[in-house]
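Here the structure comes first, spelled out in structure tokens, and everything after it is commentary.
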Amino acid sequence: MYDNQKFEEEIAAVDLNAPAPQDEHTRELYYIAKLKNIISKRSAEAGRPLTACTVTFGCQMNARDSEKLSGTLSRAGFVLTDSENADFVIFNTCTVRDNADQRTFGHLGRISHLKKQNPRMKVAVCGCMMQEQGNVDRIHKSVDLIFGTHNIYRFAEYLFEVYDTDEKITQIWNRSDQIVESQPTERKYPYKSGINIMFGCDNYCSYCIVPYVRGRERSREPVDILREVEMLAADGVKEVMLLGQNVNSYGRGLADPISFAALLREVAQVDGIGRVRFMTPHPKDLSDELIEVVRDTPNIARHIHLPLQSGSDRILKKMNRHYTKEQYIALAQKIRDSIEDVSITTDIIVGFPGETEEDVNDTIDVIERVGFDNAYTFIYSPRRGTPAARMEDQVPEEKVHEGFDRVLATVQHSAKERSMRLQGRVMEALIEEPNAQKEGYLTARLSNNMIVHVPGDISLIGTFRPVLLKECRGFYYFGELQ
Ligand code: SAH
Ligand code: SF4
Ligand code: F3S
């Protein structure tokens with residue numbers, strides 16, 4: 001775990017002439033210290049500080065990993081920038097659907113032009129896409145550094161080697177045995193942070209590539225998580241989001257197993273933490289204990305993201321999801337009955353192999369009966385190596401679109417109805433950022449994850465305020481600070 005001040009002191013104390021240490025944390029400090037020397041020399045040659053940019057695709061877990069990449073870059077002496085026209089650019093990739101891959105290829109294509117104009121520029125690619133050999137083969141000639149998800153904690157070492165040798169480096173591991181979480185971090189938001197509580201996934205939903213690129217499920221020790229939350233709170237963080245591919249199975253395999261609900265309760269008790277969120281619970285094993293902890297703990301967000309994927313029993317079975325349509329609806333009902341003002345959001349896939357109009361009707365039936373507060377709807381994307389990609393009855397794209405549009409329309413209707421119910425209420429919101437479109441307005445987030453725009457001064461950012469929900473605009477509100 002990362003302690004800013006301590007880290008600086010430890011880097012300063014590194015013996016650069018000693019051989020590389022074996023312990024991962026000391027090894028990392030060693031390479032950051034060595035890197036610092038090189039980057040400072042290169043900056044002197046350039047006559048200006050070298051700049052670095054981290055570009056992130058994919059889920060919140062990737063976003064959190066990127067904060068570590070940025071932390072290492074910043075400690076090594078780079079000036080961080082949001083522009084891809086930088087001296088060092090790293091892409092942290094996602095491969096969950098084909099369009100995620102295409103976005104990365106698009107960025108890499110554009111960056112090759114910038115690279116020609118800036119001979120100092122180096123490009124790195126890491127993350128889930130790099131765990132697929134085909135992707136590495138496709139890009140390795142045009143980038144300087146490639147690594148994967150299992151060895152992200154060796155970033156400082158690889159970066160040092162790239163600058164020390166000016167050679168290209170590719171380092172992909174196919175598994176990780178340890179959890180190394182001691183990297184420095186550079187947070188995107190001062191007032192909120194994600195925290196990875198576990199890694200990998202063992203669920204093997206038949207369409208999903210995550211278990212193949214992220215490896216077996218591993219939980220972090222609760223004491224480490226709590227210490228990280230305490231440190232974040234001390235650093236001004238008001239809201240934390242506990243992250244895992246299926247948080248319900250948190251704690252399995254630990255020497256002292258603990259349930260996710262118990263961890264959540266402890267995190268919510270940390271001084272200074274105004275709100276706790278979590279993502280993602282799998283519907284197959286969401287416990288009554290979890291529902292009770294959310295119900296009884298006011299600073300746990302009134303929001304459950306509960307991925308449905310499909311409402312058809314036949315498709316759910318082929319997806320390997322381990323629940324039925326009626327079980328899902330009963331669970332959603334139990335959550336609604338137990339937790340006041342809770343919002344339930346979901347993920348839906350349309351166009352899974354063999355999906356018929358009937359199956360889509362089942363999905364629509366669930367949306368209508370549960371009344372989702374919001375949903376991400378995806379078109380099924382075959383992923384190489386997954387069982388679903390080998391199924392014979394792939395649905396042609398033009399047929400998928402019809403079903404997709406029907407699902408989307410139902411989701412939008414449901415989301416609007418749910419939001420409108422809150423008209424006129426006063427609710428607590430975390431003020432997050434200035435509204436990019438509307439001058440003088442701030443964007444805030446309610447406990448149920450809904451967005452509300454309010455007139456106000458930027459000095460309020462990072463504080464919780466009561467807000468009157470005045471005008472519903474479908475998914476979001478315009479409101480007033482109270
Ligand atoms: N672990 C989380 C989700 C991870 S991926 C969970 O189980 O809910 C986020 C979402 O991407 C999934 O919920 C699913 O809806 C979607 N998804 C995953 N693989 C996909 C694929 N091959 N095609 C389309 N959508 C996919
Ligand atoms: Fe993918 Fe299923 Fe694991 Fe989620 S639970 S990451 S959808 S395999
Ligand atoms: Fe994408 Fe990897 Fe997350 S595939 S969704 S970035 S775990």
Side-chain angles (χ1 to χ4, degrees), residues 55-66 69 91-104 125-132 135 148-150 152 176 194 196-218 242-250 260 278-286 304-311 315-316 318-323 328 344-353 355 363 372 374-391 394-395 397 400 403-404 407 411:
V55 185
T56 313
F57 303 104
C59 61
Q60 313 256 14
M61 303 187 75
N62 249 24
R64 181 62 178 158
D65 286 345
S66 283
L69 300 172
F91 295 96
N92 190 8
T93 62
C94 170
T95 187
V96 78
R97 287 171 291 274
D98 182 59
N99 56 8
D101 288 2
Q102 297 315 322
R103 278 180 73 197
T104 295
V125 187
C126 67
C128 296
M129 234 178 118
M130 296 301 101
Q131 293 297 139
E132 293 274 288
N135 292 330
T149 56
H150 299 300
I152 188 164
S176 28
N196 293 327
I197 61 164
M198 56 204 295
F199 301 90
C201 181
D202 284 349
N203 286 304
Y204 291 94
C205 302
S206 64
Y207 50 82
C208 185
I209 199 160
V210 170
Y212 305 90
V213 297
R214 286 274 177 173
R216 299 309 302 258
E217 185 185 287
R218 285 124 27 233
L242 308 184
L243 300 168
Q245 295 298 355
N246 175 15
V247 292
N248 295 339
S249 54
Y250 172 78
F260 173 64
F278 59 89
M279 250 194 2
T280 307
H282 194 304
K284 76 175 159 66
D285 49 11
L286 193 145
I304 310 272
H305 184 68
L306 194 64
L308 167 68
Q309 313 304 359
S310 167
I315 297 294
L316 284 169
K318 285 177 77 178
M319 285 178 160
N320 195 29
R321 291 289 290 178
H322 299 282
Y323 52 85
Y328 183 97
I344 302 179
T345 59
T346 201
D347 292 346
I348 293 167
I349 298 176
V350 184
F352 185 85
E355 190 177 62
T363 301
F372 288 113
N374 218 336
Y376 294 99
T377 309
F378 305 108
I379 289 183
Y380 167 72
S381 171
R383 308 315 288 140
R384 205 179 311 126
T386 61
R390 293 190 292 271
M391 290 177 188
Q394 304 285 323
V395 185
E397 212 180 306
V400 178
F404 182 83
V407 168
V411 163

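Keep in mind that this is a model prediction, so the values were computed, not measured. For ligands, and for the atoms within them, numbers begin at 1 and follow the listed sequence. Quick note: numbers below take in every heavy atom, side chains included, and nothing from hydrogens, waters or symmetry partners.
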Please confirm whether [X] comes under 4.0 Å of ligand 1, counting heavy atoms of the residue only.
| X | answer |
| --- | --- |
| I209 | no |
| K284 | no |
| V96 | yes |
| N246 | no |

Distance from [atom] to nearest protein heavy atom, with residue and atom:
| atom | answer |
| --- | --- |
| atom 7 (S) of ligand 2 | Y207 OH, 3.4 Å |
| atom 8 (O) of ligand 1 | P307 CG, 2.9 Å |
| atom 4 (S) of ligand 3 | T95 N, 3.4 Å |
| atom 9 (C) of ligand 1 | D347 OD2, 3.8 Å |
| atom 19 (N) of ligand 1 | Y207 CD1, 3.3 Å |

N/O to N/O below 3.5 Å, does that happen between [X] and ligand 1?
| X | result |
| --- | --- |
| H282 | no |
| S381 | yes |
| T280 | no |

Contacts of atom 3 (Fe) of ligand 3 with protein N/O/S atoms, counting only those under 2.8 Å:
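Atoms qualifying: C59 SG.
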Which of R384, E132, R383 passes side chain to side chain donor-acceptor pair (under 3.5 Å) with T95? It is R383
Should we say atom OH of Y376 is surrounded by more than 12 heavy atoms from elsewhere, each under 6.0 Å from it?
no
Can you confirm whether R218 is buried at CZ, in the sense that more than 12 heavy atoms of other residues, nucleotides or ligands lie under 6.0 Å from that atom?
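Counting other residues, nucleotides and ligands, CZ of R218 exceeds 12 neighbours.
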Enumerate the atoms of ligand 1 whose separation from the nearest heavy atom of [X] is less than 4.0 angstrom.
| X | result |
| --- | --- |
| F378 | 10 (C), 11 (O), 15 (O), 16 (C), 25 (N) |
| I349 | 14 (C), 15 (O), 17 (N), 25 (N), 26 (C) |
| Y380 | 23 (N), 24 (C) |
| R321 | 7 (O) |

Stepwise side chain to side chain contact (heavy atoms under 4.5 Å, CB included) check, Y380 with V400:
CA-CA 9 Å; Y380 167 72; V400 178; over 6 Å; no
Working to the nearest 0.5 Å, report the span between CE of M130 and CD1 of I152.
12.5 Å
For atom 11 (O) of ligand 1, which of R97, M319, Q245 has the closest heavy atom?
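Answer by nearest heavy atom: R97.
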Nearest non-hydrogen contact with atom 12 (C) of ligand 1 belongs to which option: R214, M279, H305, Q309?
Q309
Which is it for F372 and L308 under the side chain to side chain contact (heavy atoms under 4.5 Å, CB included) test, yes or no, and what are the steps along the way?
CA-CA 10 Å; F372 288 113; L308 167 68; 4.2 Å; yes
May I ask you to test the C205-Q309 pair for a side-chain heavy-atom distance under 4.5 Å?
no
State, with a plain yes or no, whether a side-chain heavy atom of F260 is found less than 4.5 Å away from one of L242.
yes
Have a look at ligand 3 and work out which part of Q245, if any, has a heavy atom under 4.0 Å from it: side chain, backbone, both or neither.
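It is the side chain that touches ligand 3; the backbone stays farther off.
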Give a yes or no on whether a salt bridge exists between R214 and D65, defined as a side-chain N under 4.0 angstrom from a carboxylate O.
yes
I'd like to know whether the aromatic ring centres of F378 and F404 sit less than 6.0 Å apart in this structure.
no
Going by chain and residue number, what protein N/O/S atoms come nearer than 2.8 Å to atom 2 (Fe) of ligand 2?
C205 SG
Apply side-chain hydrogen bond (donor to acceptor under 3.5 Å, both in side chains) to E217 and S249, showing your working.
CA-CA 9 Å; E217 185 185 287; S249 54; 2.9 Å; yes
Which of parallel (below 30°), tilted (30 to 60°) and perpendicular (above 60°) describes F91 and F57?
parallel
Walk me through whether H282 and N203 qualify under side chain to side chain contact (heavy atoms under 4.5 Å, CB included).
CA-CA 9 Å; H282 194 304; N203 286 304; 4.2 Å; yes
Checking S206 against M391 for the side chain to side chain contact (heavy atoms under 4.5 Å, CB included) test, could you report, in this order, the C-alpha distance in whole Å, the side-chain angles of both residues, the deciding distance, and whether it holds?
CA-CA 10 Å; S206 64; M391 290 177 188; 4.0 Å; yes
